[in-house]
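Worth knowing before you read on, the calculation uses all heavy atoms, side chains too, and leaves out hydrogens, waters and symmetry mates.
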Amino acid sequence: MDGTDRLAIYESGSLSSILTFKYTTVSGDNKTDLDYLATTALNLNGATIRDVVAQNATLTLATPGAANSLGNNKAINIDTTAPTITNVSASTADGTYSTGSIIDVTVTFSENVTVATANPMLTLELGTTDRLAEYNSGSLSSILTFKYTVVASDNNTDLDYVASTALNINGATIRDLALNNATLTLSAPGAANSLGNNKAIVIDTNAATITNVSSNKTNATYTTGEVIDVTVTFSENVTVASGTPQLTLELGTTDRLAHYASGSLSQILVFNYTVQAGDTSTDLDYVDTASLNLNGATIRDNASVNATLTLAAPAAANSLGNNKALVIDTTAPTITNVSSAKADGTYKDAEVIDVTVTFSENVTVASGTPELTLDMDGTDRL
């Protein structure tokens, strides 16, 4: 019996050609094909076995496993060891899953087991509310499959069960073929042979949100032809597909579109805008909280959940206008007035007359000395 021999005790059969020996199994007995120990296994133990004329019987048995032996004639398995859980994994591929996805969790036992009477359940850790994966298939094999369908609000960065006691019979039985009840203790979550250790399954039902809008441009004034990048930061990595999103910017008389340029598969999407004639803004910002337009595209997280595209209010915290001081000016300064600080009056030779030229905005003089030609009754002066 796997290391410990046992004795079957004579029970009945005297005065016939068949003697019956009985053995009651005890804990620890295990044998895949029950047989006696050797050809000398039949021990008189002080008794006599004789025929009707008092001749002692020859007690030599067939060799174990040979013709006419117990092992050859019968297929009797002795199993007193409870099946144990050796591994928890999933047939679902590693990846990120969202609402409606089906996760198949596999629980492997040390031997074939039978599930009967009801459906066992495996409690999974999924954020605020734990969820139950229900037994689906596998009875009469060593691997039981439990199914779980992801619902809204479920979240876990590495799916696992809640504890080593997470497998609940729920009124069922899980037994081996010898009717030994299985030991249902699981590896600790995250430990070797646990679901979390074997698989990298992420459950994500939360939509990505916009957390910040800014720009890589230095705070300054920009004019026609200048390319302004606008960076839109999300709460998690997102993928842009099937089109080119647009961000509507407030630029005076005509709003302008910053077109998506790069950033798919990351948290930061970059939109580019080229300044055009007529554009003006003293502090560049988008138009409103709904200024990010998909334009036929999709922006989704790794679980294919559509991102929430609501922006912070213009000029509010995390808005482009609040984060940056980008001035857009494509209007040429014009002369609005010419005068002088000199008092009205008549001036003689060598008198210095200042002339003030006023522009519509601040201007810079560089690389030379501008001149203003004055009419002096026939002789112009500078």
Side-chain angles (χ1 to χ4, degrees), residues 210 212-233 245-262 268-293 295 311-382:
I210 296 171
N212 199 54
V213 182
S214 189
S215 174
N216 293 314
K217 298 293 280 190
T218 304
N219 290 338
T221 300
Y222 297 93
T223 191
T224 307
E226 194 76 38
V227 177
I228 309 295
D229 67 80
V230 180
T231 57
V232 179
T233 302
Q246 300 169 329
L247 182 65
T248 306
L249 302 178
E250 174 57 64
L251 280 153
T253 305
T254 304
D255 297 331
R256 303 294 186 188
L257 294 174
H259 298 278
Y260 166 72
S262 63
I268 301 177
L269 302 186
V270 177
F271 293 74
N272 285 337
Y273 152 68
T274 302
V275 180
Q276 302 177 45
D279 291 351
T280 181
S281 177
T282 57
D283 187 3
L284 182 63
D285 214 336
Y286 40 79
V287 172
D288 55 31
T289 59
S291 289
L292 183 50
N293 171 28
N295 188 35
L311 302 159
N318 302 316
S319 70
L320 175 60
N322 183 266
N323 285 320
K324 302 295 291 188
L326 304 177
V327 176
I328 305 300
D329 181 2
T330 63
T331 303
T334 58
I335 296 171
T336 59
N337 196 52
V338 182
S339 187
S340 174
K342 300 293 278 188
D344 292 346
T346 302
Y347 294 91
K348 64 181 187 316
D349 181 43
E351 192 76 37
V352 177
I353 309 296
D354 67 78
V355 180
T356 57
V357 179
T358 302
F359 287 82
S360 57
E361 59 182 303
N362 291 349
V363 294
T364 300
V365 178
S367 304
T369 305
E371 298 173 326
L372 180 65
T373 302
L374 302 178
D375 180 5
M376 291 290 182
D377 284 347
T379 302
D380 296 333
R381 303 294 187 188
L382 296 173

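Listed by first and then second residue, the side-chain hydrogen bond (donor to acceptor under 3.5 Å, both in side chains) pairs involving residues 364-377 amount to none (not counting sequence neighbours). Identified under the side-chain hydrogen bond (donor to acceptor under 3.5 Å, both in side chains) test for residues 275-291, with sequence neighbours left out: R256-Q276, R256-D279, Y273-D279, D288-S291.
For the pair S215 and L320, the minimum side-chain heavy-atom distance is below 4.5 Å. With a 4.5 Å cut-off on side-chain heavy atoms, N293 and P245 do not count as touching. Using a 4.5 Å heavy-atom cutoff, the side chains of Y222 and L326 are in contact. Put simply, the side chain of N272 does not reach to within 4.5 Å of the side chain of I228, judged on heavy atoms.
In terms of the salt bridge (Lys or Arg N to Asp or Glu O under 4.0 Å) criterion, residue partners of E226 (sequence neighbours excluded) are, by chain and number, K217.
Side-chain atoms of T330 come within 3.5 Å of backbone atoms of G278 as a donor-acceptor pair (strictly under, hydrogens ignored). A donor-acceptor distance shorter than 3.5 angstrom exists from the side chain of S340 to the backbone of D354, with no hydrogens or angles considered.
Between E361 and D329, the shortest heavy-atom contact is OE1-OD2, 2.7 Å. Taking each heavy atom of T231 and V270 in turn, the nearest pair found is CG2-CG2, 4.3 Å. S319 and P314 get closest at one heavy-atom pair: OG-C, 4.1 Å. The two residues V338 and I335 have their closest heavy-atom pair at CG2-CG2, 4.0 Å.
No donor-acceptor contact under 3.5 angstrom links the side chains of N318 and N323, judged on distance only.
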